[in-house]
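Taking it in order: structure first as structure tokens, then the write-up.
Worth knowing before you read on, the calculation uses all heavy atoms, side chains too, and leaves out hydrogens, waters and symmetry mates. Note that this is a predicted model, so its numbers are computed, not measured. Counting convention: from 1, in listed order, for ligands and their atoms alike.
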Amino acid sequence: SKSAGRSCFHVYSAELKAEADQRNVLEVELREAIWREEIDVYYQPVTELSTGRVKSVEALARWRHPIRGFIPPAEFIAVAEAGGLIVELGNQVLAKACRDATTMPGDVKVAVNLSALQFAGANLVDIVTSALAQNGLPETRLELEITESVFLADTQENLKTLQRLKALGVSIALDDFGVGYSSLSYLTAFPFDKVKIDKSFIDRIDRCETVAVLKSIVQLAKALKLSIVAEGVETSAQIARLHSLGIALGQGYFFSRPVPLADLPLQSPVPRRG
Ligand code: C2E
Ligand code: CA
Ligand code: CA
Ligand code: CA
């Protein structure tokens, strides 16, 4: 009946309102946390499968809410993007990652995620340049991870930004490859150094359809001289499959969860004297 429909609507809109209120509270609290520089950065190793050596670490933002504890990035990154906070948050992560990287061995790169909104910002190249300069971190030790969502906007402008970043000497990884708007043509159209194959493929790596897709990605990546990382590696069986596919790098809980800097399984560089 009509009245039942109406009351249903009331319940629904009350729920929506409660949800929206909660998001607003979260946004206000996140703004304060960013302002107080309370966003932590954890690191997860990317390991060379044949040697077990850590080649790079990915910086992942962590927010410990005073009451709710750790809030997953899947939740607060979206809030940051919607509330216009992502650029400031991302800049803080970039700065911390560059500072922390100076305490890591010189052959370990640090990878930082960039939101499409950061990428579209006019001064991204300046921000990256000064994060490196302020910490004395060589350009070659920074990698920036972007997703295909970056290319939904102005492609020509974004290509220019990529080229300017590459000209600095930083390397560029295409993240979450294989999901979303994914198209192999992105790999040829833009100057990436690395492609990170999404966890969903690694989860299904025992299926022959998946193996077929991975084989073609490997072939293309080799032709384009891109390195390949498998994301979300959890088992030794997956590693054996990756190995036989010729995928050289892996990242996932099998090796390490994301951890604070102090807990990273790395050798510290020999401290300088004087
Ligand atoms: P991502 O860039 O794809 O990062 C990898 C995510 O996979 C991380 O989740 C990591 O903890 C998780 N992961 C790694 N190995 C495994 C595994 O073996 N099993 C499982 N189940 N998960 C694994 P996290 O830290 O929760 O981050 C989620 C997403 O939030 C990231 O996905 C990234 O898109 C975004 N994010 C995190 N930090 C930042 C940041 O500083 N800036 C931006 N723009 N986005 C960020
Ligand atoms: Ca990433
Ligand atoms: Ca990813
Ligand atoms: Ca992801």
Test log, rule side-chain contact (heavy atoms from CB on, under 4.5 Å), inputs Leu60 and Val41: CA-CA 6 Å; Leu60 293 158; Val41 181; over 6 Å; no
Gln238 and Glu234: side chain donor to acceptor below 3.5 Å: no
Atoms of ligand 1, numbered as shown, that sit under 4.0 Å from any heavy atom of Ser115: 44 (N)
Under the ring pair (Phe, Tyr, Trp, His ring centres under 6.0 Å) test, residues paired with Tyr43 that sit two or more places apart: none
N, O or S atoms of the protein lying under 3.0 Å from the Ca ion (ligand 2): Glu58 OE2, Asn113 OD1, Glu145 OE1, Asp175 OD2
Closest to atom 10 (C) of ligand 1 (judged by heavy-atom distance), picking from Asn91, Ile71, Leu60: Leu60
Heavy atoms of other groups near His243 NE2, more than 12 under 6.0 Å: no
Check: Tyr253 N/O within less than 3.5 Å of ligand 1 N/O: yes
Sub-4.0 Å heavy-atom contact, Glu231 with ligand 1: yes
Ligand 1 contacted by Lys196 (non-hydrogen, < 4.0 Å): no
Single-linkage hydrophobic cluster, 4.5 Å side-chain cutoff, Val229 and Val54 together: no
Mode of Asp175 contact toward ligand 1 - side chain, backbone, both, neither (heavy atoms, under 4.0 Å): side chain
Proximity flag Arg62 to ligand 1, non-hydrogen atoms under 4.0 Å: yes
Short side-chain to backbone donor-acceptor contact, Arg141 and Val108, under 3.5 Å: yes
Donor-acceptor under 3.5 Å (Thr161 side chain, Glu157 main chain): yes
Pro258 to ligand 1, any heavy atom closer than 4.0 Å: yes
Backbone of Ile39 reached by a side-chain donor or acceptor of Lys96 within 3.5 Å: yes
Under 3.5 Å: donor-acceptor pair, side chain of Asp193, backbone of Ile172: yes
Between Lys109 and Ser171: side-chain donor-acceptor atoms closer than 3.5 Å: yes
N/O separation below 3.5 Å, Gln44 to ligand 1: yes
Sub-4.0 Å atoms of ligand 1 with respect to non-hydrogen atoms of Glu58: 2 (O), 4 (O)
side-chain hydrogen bond (donor to acceptor under 3.5 Å, both in side chains) between Gln251 and Glu58, worked out: CA-CA 9 Å; Gln251 175 179 2; Glu58 178 176 3; 2.7 Å; yes
Which segment of Thr147 sits under 4.0 Å of ligand 1 when only heavy atoms are counted: neither
Proximal candidate to atom 36 (N) of ligand 1 [heavy atom criterion; set Asp198, Val179, Thr235, Ile77]: Ile77
Heavy atoms from other residues, nucleotides or ligands near CZ of Arg204 exceed 12 (cutoff 6.0 Å): yes
Under 3.5 Å: donor-acceptor pair, side chain of Thr51, backbone of Arg53: yes
Min heavy-atom dist Gly232 to ligand 1 below 4.0 Å: yes
Min N/O separation Ala61 to ligand 1 under 3.5 Å: yes
Atoms in ligand 1 flagged as close to Glu234, the criterion being non-hydrogen separation under 4.0 Å: 17 (C), 18 (O), 19 (N), 20 (C), 21 (N)
Worked verdict on Glu81 versus Ser115 for side-chain hydrogen bond (donor to acceptor under 3.5 Å, both in side chains): CA-CA 8 Å; Glu81 284 179 335; Ser115 154; 2.9 Å; yes
Side chain, backbone, both or neither: Val93 near ligand 1, heavy atoms under 4.0 Å: side chain
Per-atom contacts of ligand 1 with Asp176, taking only distances under 4.0 Å to non-hydrogen atoms: 3 (O)
